[in-house]
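Everything numeric here is computed off the predicted structure, so don't read it as measured data.
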Amino acid sequence: MKVLVIGANGQIGQLVVKELQKSDTHSVTAVVRKEEQAEKLIADNIQAMVADLEGTVEELAKAFTGADAIIFTAGSGGHTGPDKTLLIDLDGAVKTMEAAKQVGVDRYIMVSAFDADKRQTWNEGIRPYYVAKHYADRMLEASGLNYTIVRPGGLVNEPSIRKITAGAKAKPGTITREDVAHTLVAILENKKTYRCAFNLVSGEQSIETAINNLN
């Protein structure tokens, strides 16, 4: 598969690109929002392109032409206000779905947030973020794409343990960013995860076992 990683300058995005760079079966293009970010990646022998999530669907569609899959890891970041959350995490995400449909990119993996589908559990301190994720997820579910929505718990920068709990068994908890990245790559071609959404935290099962045991 030719995989586009949107948000490739973010922490999870960087890890996904690194993981896909090792693959014998996939190629990866890092999608970033600044020219200097792309130049740095290219200097490191990573294929990269610039695409603005605040641009038009047509511009995004042109950038996505020829790809087979999208992994969306982009976010406005904790240093921005609710306005950027709305523009990037919601509208930007939806525009990438529309662009994917236009050019026939059928496989789409979304990094969401733990229990984004359950309003009653949302953290009041970052409620706009959960609102954006909630509605972006719903738009993806209605898009007709072969989607997977991954909803990780609290993200930590500890070493990977390659052990997770996924789906209904996942209780509120944390997960390493590395293990999120490993999971995103593991599900890329796993048809069991097509049109599926699940919570994800650190656990006791291997990534492959946990994914294959999803309800």
Side-chain angles (χ1 to χ4, degrees), residues 4-18 29-41 46 48-64 70-100 108-141 143 147-158 172-181 183-184 197 199-201:
L4 303 182
V5 178
I6 300 176
N9 196 57
Q11 293 186 72
I12 290 176
Q14 290 180 46
L15 292 166
V16 173
V17 170
K18 183 178 177 182
T29 299
V31 183
V32 294
R33 64 187 183 91
K34 293 181 180 178
E35 194 66 47
E36 55 265 36
Q37 294 169 345
E39 290 171 359
K40 183 179 177 182
L41 288 161
I46 297 169
M49 71 166 73
V50 176
D52 185 1
L53 296 182
E54 295 185 63
T56 67
V57 172
E58 289 70 29
E59 289 167 342
L60 291 169
K62 185 176 179 181
F64 296 173
I70 286 170
I71 300 178
F72 188 95
T73 70
S76 58
H79 60 284
T80 61
D83 55 339
K84 281 294 182 182
T85 302
L86 181 68
L87 292 171
I88 301 298
D89 298 74
L90 177 51
D91 192 46
V94 173
K95 283 191 283 192
T96 66
M97 300 168 203
E98 294 173 359
Y108 191 112
I109 297 174
M110 169 69 79
V111 178
S112 183
F114 194 93
D115 274 354
D117 56 326
K118 299 180 178 67
R119 291 187 181 95
Q120 67 274 16
T121 69
W122 293 351
N123 182 326
E124 287 298 322
I126 52 172
R127 194 171 184 82
Y129 171 75
Y130 273 98
V131 170
K133 286 298 187 185
H134 177 82
Y135 285 101
D137 290 358
R138 287 176 63 168
M139 291 297 289
L140 182 54
E141 288 169 337
S143 68
Y147 69 85
T148 307
I149 299 168
V150 180
R151 297 178 173 136
L155 299 168
V156 295
N157 285 325
E158 296 172 4
T174 61
I175 185 166
T176 73
R177 286 181 170 86
E178 275 194 78
D179 284 333
V180 175
T183 302
L184 296 173
N199 285 332
L200 179 71
V201 293

Engineer: Any sub-3.5 Å donor-acceptor pair from N199's side-chain atoms to D115's backbone N or O?
Structural biologist: yes
Engineer: Rounded to the nearest 0.5 Å, what separation is found between the CD1 atom of I12 and the OG1 atom of T73?
Structural biologist: 7.0 Å
Engineer: Quick one: side-chain contact (heavy atoms from CB on, under 4.5 Å) partners of M49, sequence neighbours excluded?
Structural biologist: L4, T29, V31, A63
Engineer: Holding to side-chain hydrogen bond (donor to acceptor under 3.5 Å, both in side chains), I want the full list of residues that pass it with R33, two or more places apart in sequence or in another chain.
Structural biologist: none
Engineer: Could E124 and R127 be called an ion pair, given the rule that one side-chain N must be under 4.0 Å from one carboxylate O?
Structural biologist: yes
Engineer: What closest approach, in Å, do N9 and Q14 show between heavy atoms, and which atom pair accounts for it?
Structural biologist: O-NE2, 2.8 Å
Engineer: Give a yes or no on this: more than 12 heavy atoms of other residues, nucleotides or ligands lie within 6.0 Å of atom NZ of K62.
Structural biologist: no
Engineer: Has K84 got a side-chain atom pairing as donor or acceptor with G75's backbone, closer than 3.5 angstrom?
Structural biologist: no
Engineer: Minimum heavy-atom separation for H134 to A116, with atom names?
Structural biologist: ND1-O, 2.9 Å
Engineer: Is the shortest distance from a Lys or Arg side-chain nitrogen in D91 or K95 to a carboxylate oxygen in the other one below 4.0 Å?
Structural biologist: yes
Engineer: Considering non-hydrogen atoms only, spot the tightest contact between I175 and P152 and give its length.
Structural biologist: CG2-CB, 4.0 Å
Engineer: Under 4.5 Å between any side-chain heavy atoms of I88 and E54, yes or no?
Structural biologist: yes
Engineer: Can you name the nearest heavy-atom pair linking A136 to D89, along with the distance?
Structural biologist: CB-O, 3.6 Å
Engineer: Side chains of T121 and Y130: do they bring a donor and an acceptor to under 3.5 Å?
Structural biologist: no
Engineer: To check you understand the geometry: which heavy-atom pair defines the closest contact between T85 and Y129, and what is its length?
Structural biologist: CG2-CA, 3.6 Å
Engineer: Do you know which two heavy atoms are closest between G13 and V5, and how far apart they sit?
Structural biologist: O-CG1, 3.9 Å
